[in-house]
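First listed ligand is number 1; within each ligand, the first listed atom is number 1.
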Amino acid sequence: MPSAEAPRWTAYANERLAGEGYRRGGGRAAVIDLLDAQNCALTAQEIEDQLRDGERRVGRATVYRVLDELVALDLLAKVEIGDGLTRFERVFPEGTHHHHHFVCRNCGKLIPFEDDELERVLRRIARREGLEMEGHDVTLRGLCADCSDSV
Ligand SMILES: [Zn+2]
Ligand SMILES: [Zn+2]
């Protein structure tokens, strides 16, 4: 199975934030550390829940403000998988780490995957069509291994 393990994002995010004149904030640092400990996207609610139970308490308003800031700086991307929830995913520097998702229609699990060949094919298609691709969304849907075993 191809690994979707990502490089560290915290240092990159902090550098961008410092460059934009943001001061290091406890709440922001907690959100960034939490996101960087995931291998995939989380909803705002999941982020809020995990930070509420953690050592560094971060209030809901701070979580939402920080998520907005990080999205505005393109450090986080919003991931919509069609269940009405917005998830937040780390964005790495261009050409480093980048993954897509498989969504299980039964349990709703989000499974990340990456594939260099897929990226190459998408770039080739854009080139062939004369398009300047700035991003892309690829979501596979169906049953995950656990759910397909149980039907
Ligand atoms: Zn993901
Ligand atoms: Zn499943």
Cys147 SG and Cys104 SG subtending at the Zn ion (ligand 2) (10° steps): 110°

Metal-centred angle, the Zn ion (ligand 1) as apex - NE2 of His101, OE1 of Glu89, 10° resolution: 140°

His100 and Phe113 aromatic ring geometry - parallel, tilted or perpendicular at 30°/60° bounds: tilted

Where the Zn ion (ligand 2) is the vertex, angle from Cys144 SG to Cys107 SG to 10°: 120°

Heteroatom N/O/S of Cys40 within less than 2.8 Å of the Zn ion (ligand 1): yes

From OH (Tyr22) to CZ (Arg28), nearest 0.5 Å: 7.0 Å

Sidechain N-carboxylate O distance under 4.0 Å for Glu20, Arg16: yes

Residues Asp68, Arg65: salt bridge by 4.0 Å N-O rule: no

